[in-house]
Amino acid sequence: MLKATQLSKTYKSGKALDNASIHLNSGQISGLLGRNGAGKTTLFKILCGLITPDAGKVSIASKKQKPIGAVIEEPGLYTYLNAYDNLKVFSQIQGAPTDITTLENCLKEVGLPLNRKDPVRNFSMGMKQRLGIAIALLNNPDILILDEPFSGLDPTGVASLSKLIKQLANRKIAILLSSHLMAELHKVCDDLYIIDNGKIINQGLTQDIIDSQVTIYTITGKNIENSDFIQSYIVQKEKNKVTIKCDSEAISEILKSLLDDRFKVTSCVPNITLEQLLNPVSK
Ligand SMILES: Nc1ncnc2c1ncn2[C@@H]1O[C@H](COP(=O)(O)OP(=O)(O)OP(=O)(O)O)[C@@H](O)[C@H]1O
């Protein structure tokens, strides 16, 4: 759907993007993970045609006139207008349909209530993000780019925005989102690009990247801390929750033993940080 090849960009302040290549596929959610200042926004701006790269190429396989919808940095909203009127203004600017049914369907699609008539300055961050996404979807794009969409959201907001993003991918939209937090990306992204100092230093399926580096898991389940089998792996424990250290090959064995011993495991979450991915250890 979108192929960006060997993109580079240097500002007066220095090199922001260094030979970066990425590939987006329809229906796939890709994540761009990197520290602040790693070059994520620069890459997004190039993909959207907002700035020109010094080198490299972006090719998009789409018949649409405006194939990309994006929310870069914060959603740019008219804070004194309500959600509906914001959508209407942006539709007019973009030459998209402005009839009530279309606009209300847009609001419904991103899970915004139709009965909120107050200005969007009163909205929560999550609601502003949703409205930003609704605006980005106005032209029915094939590709959706979201810069730090989870920033400022609480865990419930992250979960509900993740659900919306997955629904959009099910509509065959290719989605690229950025974050500097692994925890936010690993649950929603099919594949990941790790960016550091403008360079893509690792890429692959999210699960493969996690499996190659994860050594700490948090397991929850009733009385799980009493299991004899996991005692030697435990680094921390509390009621119904243990943190264990093992590699990705041992975890299935551990979970199997817990189930054999009739412990009801309710979750097993890999704990992996961006720093681990930026400084990988070879196994
Ligand atoms: N318009 C600009 N002029 C000069 N330097 C810039 C400009 N935009 C970005 N930079 C610099 O380029 C580098 C990459 O910035 P960029 O905003 O792409 O990173 P980022 O990964 O999106 O960071 P953040 O998560 O903080 O937004 C940084 O060193 C930044 O200071």
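Because the structure is a prediction, the values reported are computed rather than measured. All ligand and atom numbering here is 1-based and tracks the order in the structure. All residue numbers in this chain count up from 1 along the given sequence.
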Peer 1: Taking 4.0 angstrom as the limit and counting only heavy atoms of E148, give me the atoms of ligand 1 inside it, by number and element.
Peer 2: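 This gives 25 (O) as the contact atoms.
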Peer 1: Hey, do the aromatic rings of Y78 and F90 have their centres closer than 6.0 Å?
Peer 2: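 Yes, the ring of Y78 comes within the 6.0 Å limit of the ring of F90, centre to centre.
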Peer 1: Looking only at heavy atoms, is any part of K12 under 4.0 Å from ligand 1, and if so is it the side chain, the backbone, or both, or is it neither?
Peer 2: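 Looking at K12 and ligand 1, no heavy atom falls under 4.0 Å.
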Peer 1: Without swapping roles, check the side chain of T42 against the backbone of L17 for a donor-acceptor pair under 3.5 Å.
Peer 2: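 It does not hold such a pair.
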Peer 1: Would you call R116-D118 a salt bridge at under 4.0 Å N-O?
Peer 2: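 So R116 pairs with D118 through a salt bridge.
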Peer 1: Measure from atom 19 (O) of ligand 1 to every heavy atom in G39, S13, S151 and give the option owning the shortest one.
Peer 2: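 Considering heavy atoms of G39, S13, S151, the nearest to atom 19 (O) of ligand 1 sits in G39.
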Peer 1: Kindly compute the distance separating NZ (K40) from OG (S179), expressed to the nearest 0.5 Å.
Peer 2: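 Between atom NZ of K40 and atom OG of S179 there are 7.5 Å.
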Peer 1: From the options K172, K63, K64, select the one residue that forms a side chain to side chain donor-acceptor pair (under 3.5 Å) with D142.
Peer 2: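 Result for side chain to side chain donor-acceptor pair (under 3.5 Å) with D142: K64.
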Peer 1: With a 4.0 Å cut-off on heavy atoms, is R35 touching ligand 1?
Peer 2: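 Yes, that is the case, since the closest heavy atom of the residue is under 4.0 Å from the ligand.
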Peer 1: Hey, does A38 come in under 3.5 Å of ligand 1, counting only N/O atoms on both sides?
Peer 2: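 Min N/O separation from ligand 1 is below 3.5 Å for A38.
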Peer 1: Could you tell me the residue and atom name of the protein heavy atom closest to atom 27 (O) of ligand 1, and the distance to it rounded to 0.1 Å?
Peer 2: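 Checking every protein heavy atom, the shortest distance to atom 27 (O) of ligand 1 gives T41 OG1, 3.6 Å.
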Peer 1: Considering only heavy atoms, which of K40, K15, K9 lies nearest to atom 20 (P) of ligand 1?
Peer 2: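 Looking at heavy atoms only, the winner is K40.
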Peer 1: Considering non-hydrogen atoms of the protein only, which is the closest contact for atom 24 (P) of ligand 1, and what is the distance?
Peer 2: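 Protein heavy atom at minimum distance: G37 N, 3.6 Å.
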Peer 1: Any protein heavy atom under 4.0 Å from atom 30 (C) of ligand 1?
Peer 2: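 Looking at atom 30 (C) of ligand 1, one finds that no protein heavy atom lies closer than 4.0 Å.
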Peer 1: With a 4.0 Å cut-off, would you call R35 and D196 a salt bridge?
Peer 2: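 Yes, charged N to carboxylate O under 4.0 Å.
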Peer 1: Hey, is K15 close enough to D18 for a salt bridge, meaning N to O under 4.0 Å?
Peer 2: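 Result for this pair is yes, salt bridge flagged.
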Peer 1: Which residue holds the protein heavy atom closest to atom 1 (N) of ligand 1, what is that atom called, and what is the gap in Å?
Peer 2: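 Heavy-atom neighbour on the protein nearest atom 1 (N) of ligand 1: Y11 CE2, 3.7 Å.
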Peer 1: Any donor and acceptor pair, going by atom type alone, linking the side chain of R130 with main-chain N or O of L112 inside 3.5 Å?
Peer 2: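 No: the side chain of R130 does not pair with the backbone of L112.
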Peer 1: Which atoms of ligand 1 are found less than 4.0 Å from any heavy atom of N36?
Peer 2: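 What qualifies from ligand 1 is 23 (O), 24 (P), 25 (O), 26 (O).
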Peer 1: Any idea which protein heavy atom is nearest atom 18 (O) of ligand 1, and the distance to it?
Peer 2: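 Ranking protein heavy atoms by distance from atom 18 (O) of ligand 1, first comes T42 OG1, 2.6 Å.
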Peer 1: What protein heavy atom is closest to atom 12 (O) of ligand 1, reported as residue, atom name and distance in Å?
Peer 2: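 Scanning the protein heavy atoms, the shortest distance from atom 12 (O) of ligand 1 goes to A16 CB, 3.4 Å.
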Peer 1: Flag the pair E225 and K239 as a salt bridge only when some basic side-chain nitrogen lies within less than 4.0 angstrom of an acidic carboxylate oxygen.
Peer 2: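 K239 and E225: salt-bridged.
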